[in-house]
Amino acid sequence: MAELNDLERLRLEKAEALRRAGMEPYPTTAKRTHTTAEAQRAFEAAPEGSPVKATVVGRLRSIRRMGKVTFSHVEDGDGRLQLYLRADDLGAEKTALFTDLFDLGDFVQASGELFRTKTGEISLHVRDFTMLAKAISPLPAGKEEVVDGERVVHAAFANPEARYRERYADLAVNPEVREVFRTRARVINAVRAFLDEHGFIEVETPILQPIYGGAAAQPFVTHHNQLHQDLYLRISFELYLKRLLVGGLERVYEIGRDFRNEGVSFKHNPEFTQLEFYMAYADYRHVMVLTEEMVAAAARQAVGTTTIEYDGHTIDLTPPWRREDLRSAILQRSGIDIAAHPSAESLRRAMLAKGHDPAESSTRGKLIESLLTHYVEPALIQPTFIYDYPRDISPLAKSKPGELGTVERFEGYAGGMELCNAFTELNDPVDQEARFAEMGRDYAADDEERHPMDEDYLRAMRYGMPPNGGFGMGIDRLTMLLTGRPTIREVILFPHLRSKE
RNA sequence: GGGCCGUUAGCUCAAUGGCAGAGCAGGUGCCUUUUAAGCACAAGGUUGAGGGUUCGACCCCCUCACGGCCCA
């Protein structure tokens, strides 16, 4: 066992002492008749004077010894219940097991009848108790009080690095962290239910891919030893899901992990949870409507309202969301009219005049994207769809009729953050092949934006792909928004951190 | 990648060049309806790692590791 500190050595000795006293510190079975919340409800529902017996289990979160009586709180997944132990009831020997050998953080089981103390708290008058699992390391728990009904924690376990590295301890002592992940689960359930109700089927496509694609990102590379083949961890699901439309599955979605070998930031984790759906016979306008309805449904189901607080702003997710075309969004906020600059060189000069210094090699599309990121994105607090994007940064989207350089694409923003990305999918195999070739020409071989040619995808498309609208959204970012968390690390259970040493 | 800030007891934090402290947790007592229970006493440290300056370093300098915030 690892090096233990004094506190841990003492607790290990207490576990041995329990064993000597005939109480196994890690028994095989537990018994529960009520959760703590159920016990409280049962007591309140019972007629006055009729006894309610209960056996509850959970972690000891407080212990207050007062001579021959002891008060303690046990916490389970539902809440907390106060235990009341009297030496006169339990006998000196049994009582001593609790008062001398039980510690904060231990998992215990206690049986007795419920009553109300003179301060009004529903409590369990304990007639028997046992250890369920002795905790050796003390939990990094602060001390709590209730002020005006609000729970106030003193010296709470708050160091972000320690919390992420030891998420188990973070979850154990910070109930609001547990709530974030319950909310996250509700968000995913809500999205799934919404899409199922709209006739979509959930599918699973390869995570290990021989050719990566569907997004502009660097992949992680791995290797299959037996096959002597390099494989990529997927950066998106797009090209596989659209193959399914060729196969006649008209509405498909996948919720799963994407991997991008890029920087880590408050809104980027190397692996993150993505939702993508593809809908035959829909275009980006249909998808926009579906998107705002889906996000609103997720908000209602996950947090009970479509009006949320984020970063000091009140955000109303109720449909319909504002719609703004990309050209006016940029013009209004930067004074640069991208339509007046049909070439990369001209746009670059306009940006230089505004004090930017874009890279010489940037395409016009990349320049527009940087204007969007710099001027528009931070200003989009209320949910907004920005639509009609440059073709050269959207190699899988269909061109707008009559506007060669523009594609039918939108991104959804809220809270100053990109939430989702969608387009009318390109389904013309000749055009698609030309786009792949264009990408190869316009971007250097080592450019992360480069899309490798996927011959099999083109073969699928040549069999005929129905017109369709596609959509991708980061579930983590949606969860950030709905839980009011400022960083992606707060909504991922085990976020990526560098190893120490 | 750059800038700034941080890393001290199990947790939360003090100490700015001169004996490293507090609250909580933990220990020993007292206490039969408490709830941040209370009171008393005692204990707890490789100050992230390595190097340097100095009579003397948590503190100043350098390098490194990890994290946070901001910028790219």
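Keep in mind it's a predicted model, so treat the numbers as computed, not measured. The sequence lines fix the lettering, A, B, ..., with proteins before strands; numbering per chain opens at 1.
Within 6.0 Å of atom CD in A:Glu93, 12 or fewer heavy atoms from other residues, nucleotides or ligands are found, so the atom counts as exposed in its surroundings.
Counting any heavy atom pair closer than 4.0 Å across all strands shown, A:Thr487 reaches sugar-phosphate atoms only and no base atom. At the heavy-atom level, A:Ser62 lies nowhere under 4.0 Å from the strands shown. Base engagement by A:Tyr84 is indicated by at least one non-hydrogen atom pair under 4.0 Å involving a base atom. Residue contacts shown for A:Arg65 include a base, since a base heavy atom lies under 4.0 Å away. A:Arg165 comes within 4.0 angstrom of sugar-phosphate atoms only, judged by non-hydrogen atoms across all strands, and of no base.
Between A:Phe102 and A:Phe129, the ring-plane angle classifies as perpendicular under the 30° and 60° cut-offs.
No hydrogens or angles were tested; on distance alone, a donor-acceptor pair under 3.5 Å links the side chain of A:Gln82 to the base of B:rU34.
Side-chain proximity of A:Asp103 to the nucleotides B:rA72, B:rG26, B:rU33 is greatest for B:rG26. With B:rU32, B:rU34, B:rG26 as the candidates, the nucleotide lying closest to the side chain of A:Lys118 is B:rU34.
Of the residues listed (A:Arg61, A:Arg32, A:Arg178), the one engaging A:Asp76 in a salt bridge (Lys or Arg N to Asp or Glu O under 4.0 Å) is A:Arg32, and it is the only one.
For the pair A:Lys14 and B:rG27, the criterion of a side-chain N or O lying under 4.0 Å from OP1 or OP2 is met. Phosphate proximity of B:rG68 to A:Arg489: present, with a side-chain N or O under 4.0 Å from OP1 or OP2. Considering only side-chain N and O atoms, A:Lys143 lies under 4.0 angstrom from the phosphate OP1 or OP2 of B:rA37. An OP1 or OP2 oxygen of B:rU34 is reached within less than 4.0 angstrom by no side-chain nitrogen or oxygen of A:Arg64.
Using a cutoff of 4.0 Å between basic side-chain nitrogens and carboxylate oxygens, A:Arg349 and A:Glu345 are scored as salt-bridged.
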Anything under 3.5 Å between a protein N or O and an N or O of nucleotides 1-11 of chain B, put it in a table, one pair a line.
from   : atom 1 : to       : atom 2 : distance (Å)
B:rC11 : O2'    : A:Ala155 : O      : 3.0

- Message: Go through it in stages, so that I can follow the logic: the residues are A:Arg333 and A:Glu324, the test is salt bridge (charged side-chain N to carboxylate O under 4.0 Å, His left out), and I'd like the CA-CA distance, side-chain angles, deciding distance and then a yes or no.
- Response: CA-CA 12 Å; A:Arg333 292 174 184 82; A:Glu324 209 178 333; 2.9 Å; yes
- Task: Decide yes or no on salt bridge (charged side-chain N to carboxylate O under 4.0 Å, His left out) for A:Lys94 and A:Asp128, but give the supporting numbers first.
- Result: CA-CA 9 Å; A:Lys94 177 90 178 181; A:Asp128 194 18; 2.9 Å; yes
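Side-chain rings of A:Phe410 and A:Phe423 stay apart, their centers remaining 6.0 Å or farther from each other.
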- Dot-bracket for RNA chain B: what is it, with Watson-Crick or G-U pairs under 3.5 Å, [ ] where a pair crosses earlier ones, and | for a pair to another strand? (((((((..((((....[..))))..((((.......))))......(((((..]....)))))))))))).
